[in-house]
Structures are given as C-alpha cells and as structure tokens.
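Structure, as structure tokens:
Ligands are counted one by one from 1 in listed order, and the atoms in each one are counted from 1 as well. In what follows, residues are counted from 1 in the order of the sequence shown. Below, each value reflects all heavy atoms present in this structure, side chains not excepted, and no hydrogens, waters or symmetry copies.
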Amino acid sequence: MPKICLITTGGTIASKLEPETGDVTASVTGAQLRAMLHDPLEDIEITIDEFSNVGSYAIDLPLGFSLAQRISHRLDEGFDGVVVTHGTDTMEETAFMADLLVRSDKPIVFTGAQHAADEPNPDGPRNITDSLRLAASDAARGLGAVICFEQEFHAARDVTKSHTSRTDTFISHEHGKLGEVDGDRVVLHRRPILRRSYEANGVVADVELVKLAMGISDRYLRFAADNGAKAIILEGFGRGNAPPSVTATATALVKKGLPVIMTSRCQRGRVKAIYGNGGGKTLSDGGVIFAGDLSGQKARVLVSVLLGMGLAGKRLREEIEYFAG
Ligand code: ASP
C-alpha cells in the first residue's frame with residue numbers, strides 16, 4: 001500500500017470563521033482535515049505532519065525553503081509521495097521552490113481550497129482526496145512539484161492563481177494542465193521538461209519584484225538597491241520594455257554588480273530584447289537578464305534559490321536562461 005505524508009501548512013483549506021472577530025483564520029488541525037474526506041481512501045496509508053497553520057500570505061522565502069527541506073526529509077524517510085495543503089495565494093511560489101530544491105522523483109502534490117473548511121460545500125476535501133490519489137500514483141513520478149486543484153494538476157513552473165475566488169483558479173496559460181484526476185483514475189497528458197533541481201543550503205530573501213506602469217518613476221528601483229536588495233526582478237511592459245528612467249537606472253545598477261532580471265506584466269508570452277531607445281534591447285545590451293515567459297514571482301523564487309547557492313554573473317544568467325526556455 002502506498003505511504004503518503006500529508007504535510008499541512010494552513011490556508012483557506014484549514015480556515016474557519018472566528019465568530020468573535022469575524023475573521024477567517026487557519027485553525028483546523030491535520031487530523032480534522034483528514035476527518036473531512038468523504039472517501040476513506042483505504043488503499044493509501046496516510047501520515048499527517050503539521051508544518052504550520054498560517055495563511056500563505058504570511059509564508060516567506062525562508063519558510064518556503066524549510067518546507068522544501070521537510071518534503072525532502074519525508075521522502076528520504078521512505079514515504080512514496082507527499083501532499084502539501086497550503087493557502088492558494090502563494091502556493092505557486094512554494095510549489096516552484098519545492099520543484100527547484102527537492103531532489104527526488106517521487107510525487108510532490110500541493111493543494112488547497114478557495115472555500116473555508118466551515119463553508120457549506122468546501123472544495124478542500126475533494127482537492128485533498130484527488131491529491132492523495134495523485135501522490136499515490138506512478139503517473140506522478142518524475143513530474144516534480146505539481147498543484148492539484150479542481151480535478152486538474154499543473155507543473156510548478158507554469159501554474160498560476162488566475163482568479164481571486166473561483167475554485168478553478170489554477171491555470172497554466174498557454175502550457176496547459178499536465179493531466180487530471182478523474183475519481184480514482186489519474187490521467188497524465190504530458191510531462192514538463194523545463195525542470196532542474198539544485199542543492200542549496202539556504203535562499204536569499206532580499207530579492208525585490210518591481211511592477212512597471214505607464215510613466216512610472218525609477219524610485220522603487222533606487223530604493224530597493226539602496227536598501228539591501230541582492231537582485232531585482234522587473235515586471236515590465238510587453239516584450240520586456242521599461243520607461244526611460246527605469247532603463248537608465250536598471251542598467252546603471254547592473255554595471256555596479258546588482259543582477260536585474262526582466263519579466264513581463266503580460267500574463268502570456270515571452271520577453272525578448274527588441275526595442276532600442278530605452279526599450280528591451282537597450283536593457284539587454286546593458287546586462288539585464290531576460291527570463292522568457294517566467295512570471296515575475298516565479299523568477300523571484302528562482303533567483304532567490306540561485307543566489308542562495310552562491311551563483312553570480314555568468315552562472316546566474318545561464319541558469320535563469322535555462323528556465324526561460
Ligand atoms: N485565499 C488564500 C487561500 O486560499 C489565503 C491563503 O493563501 O492562505 O488559502
């Protein structure tokens with residue numbers, strides 16, 4: 001019988017309304033989550049490991065790193081797979097962190113819910129059931145970390161939370177889902193190949209993400225650089241362009257040795273160095289690294305891991321460009 005470790009971290013899936021304050025907060029225990037499952041799943045041996053009980057808006061990069069270590073540890077202990085329950089807000093980032101740091105072929109499945117545990121028809125129990133089935137299936141081996149939600153599962157690199165409240169929130173834009181869980185059947189359609197995993201002793205949390213808007217100043221960029229940022233991710237326009245003052249500051253910072261990485265604020269498509277006169281080509285010629293179709297938040301997780309391994313200069317660029325595709 002497959003042995004699966006269910007690691008709980010909090011999130012809406014483990015939250016309920018506190019009548020005195022009117023707040024929805026994470027307070028449901030792992031055992032209570034397990035007891036909510038409609039399917040007894042008698043063919044899977046489930047062990048609960050309570051890692052934390054917080055909303056994922058309170059999870060940061062070092063905590064994501066500790067969670068990845070906990071997953072590795074559980075898999076090394078002999079579990080056949082891991083399911084992590086997690087808030088949906090930053091699940092895609094923690095899942096990508098685990099994808100980068102867990103060096104095992106065994107299934108790692110993240111899941112959560114959009115409806116709290118005490119709502120009339122919560123999606124959490126069915127998402128956990130599907131995720132346990134997926135983690136127990138040979139089909140999920142070698143996929144890296146995935147998010148399983150509303151019957152579908154998605155690669156950590158590609159998946160994103162696309163809707164604030166609907167249960168079908170997780171999508172992978174142009175890349176699509178990897179497969180689906182149809183009751184007790186797991187159907188795999190494709191395998192992700194843009195994957196690589198690393199040995200790191202920690203991550204660097206001082207990586208800032210700056211979103212650009214029409215005519216925006218370079219103030220945030222300068223502030224970040226002056227206040228300890230070890231790298232800056234830009235979420236630029238279209239193919240990876242920026243207003244002139246941002247381009248001038250970004251290239252000046254690169255010259256001083258600070259890595260600056262360009263992603264797009266568009267939800268689909270790749271950045272590419274095309275435009276001169278302060279556009280993406282000027283940024284690229286000035287040493288800004290272009291990150292393909294990685295989202296800003298995924299590029300930030302990647303850079304935090306790579307800096308944690310001590311990579312800089314050419315090596316840092318090579319690894320980012322690998323994930324850019
Ligand atoms: N809305 C979030 C959730 O779905 C809150 C969080 O990320 O913890 O879990």
Side-chain angles (χ1 to χ4, degrees), residues 6-19 21-37 48-68 70-71 82-99 108-132 134-135 145-154 156-172 177 181 203 205 209 211 267 295-298 300-301 304:
L6 178 63
I7 302 179
T8 60
T9 72
T12 297
I13 195 165
S15 295
K16 51 187 189 354
L17 182 70
E18 307 301 336
T21 58
D23 298 344
V24 173
T25 37
S27 55
V28 176
T29 66
Q32 288 168 330
L33 273 182
R34 169 79 173 91
M36 287 173 70
L37 306 188
I48 294 164
D49 176 6
E50 293 180 315
F51 176 81
S52 62
N53 213 351
V54 294
S56 74
Y57 40 83
I59 291 186
D60 58 15
L61 293 164
L63 199 57
F65 179 80
S66 304
L67 179 59
R70 179 78 74 96
I71 296 168
V82 161
V83 172
V84 180
T85 56
H86 194 290
T88 55
D89 289 355
T90 63
M91 188 191 298
E92 63 191 82
E93 285 148 273
T94 316
F96 189 44
M97 173 91 76
D99 194 51
I108 305 156
V109 183
F110 279 72
T111 197
Q114 289 280 57
H115 295 288
D118 58 351
E119 287 186 43
N121 184 18
D123 48 334
R126 64 174 188 268
N127 284 339
I128 296 177
T129 302
D130 286 349
S131 299
L132 287 164
L134 180 59
V146 300
I147 290 183
C148 177
F149 219 90
E150 201 64 12
Q151 290 183 241
E152 298 184 349
F153 52 98
H154 294 257
R157 178 198 180 278
D158 302 329
V159 67
T160 195
K161 181 174 178 177
S162 68
H163 196 282
T164 55
S165 59
R166 271 170 41 176
T167 57
D168 60 349
T169 181
F170 283 104
I171 59 171
S172 297
K177 66 186 178 190
V181 182
V203 288
L209 173 59
K211 182 171 185 145
Q267 290 175 4
S295 66
Q297 63 268 28
K298 297 286 174 69
R300 179 170 172 266
V301 170
S304 133

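In summary, the side chains of Thr90 and Glu93 do not present any donor paired with an acceptor at a separation below 3.5 Å, with no hydrogens or angles considered.
Counting only heavy atoms of the protein, atom 1 (N) of ligand 1 lies nearest to Asp89 OD1, 3.2 Å. For atom 3 (C) of ligand 1, the closest non-hydrogen atom of the protein is Thr12 OG1, 2.7 Å. When only non-hydrogen protein atoms are considered, atom 8 (O) of ligand 1 lies nearest to Ser56 N, 2.6 Å.
The line from OH of Tyr57 to OG1 of Thr88 is 10.5 Å long, rounded to the nearest 0.5 Å. The SG atom of Cys148 sits 5.0 Å away from atom CG of Leu134, with the distance rounded to the nearest 0.5 Å.
Against a heavy-atom cut-off of under 4.0 Å, Gly11 is close to the following atoms of ligand 1: 8 (O), 9 (O). Remark: ligand 1 atoms within the under-4.0 Å shell around heavy atoms of Gly55 are 8 (O).
Put simply, the residue from Gln114, His154, Lys177 that forms a side-chain contact (heavy atoms from CB on, under 4.5 Å) with Phe149 is Gln114.
Distances from ligand 1 to the non-hydrogen atoms of Ala113 include at least one value under 4.0 Å.
Annotation: side chain to side chain donor-acceptor pair (under 3.5 Å) contacts of Thr160 (sequence neighbours excluded): Glu92.
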Give the table of side-chain donor-acceptor pairs shorter than 3.5 Å for residues 8-15, with sequence neighbours excluded, one pair per line with atom names and distance.
| from | atom 1 | to | atom 2 | distance (Å) |
| --- | --- | --- | --- | --- |
| Thr9 | OG1 | Thr85 | O | 2.7 |
| Ser15 | OG | Gly11 | O | 2.7 |
| Ser15 | OG | Ala26 | N | 3.3 |

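Geometrically, ligand 1 and Thr88 share a nitrogen or oxygen pair separated by less than 3.5 Å.
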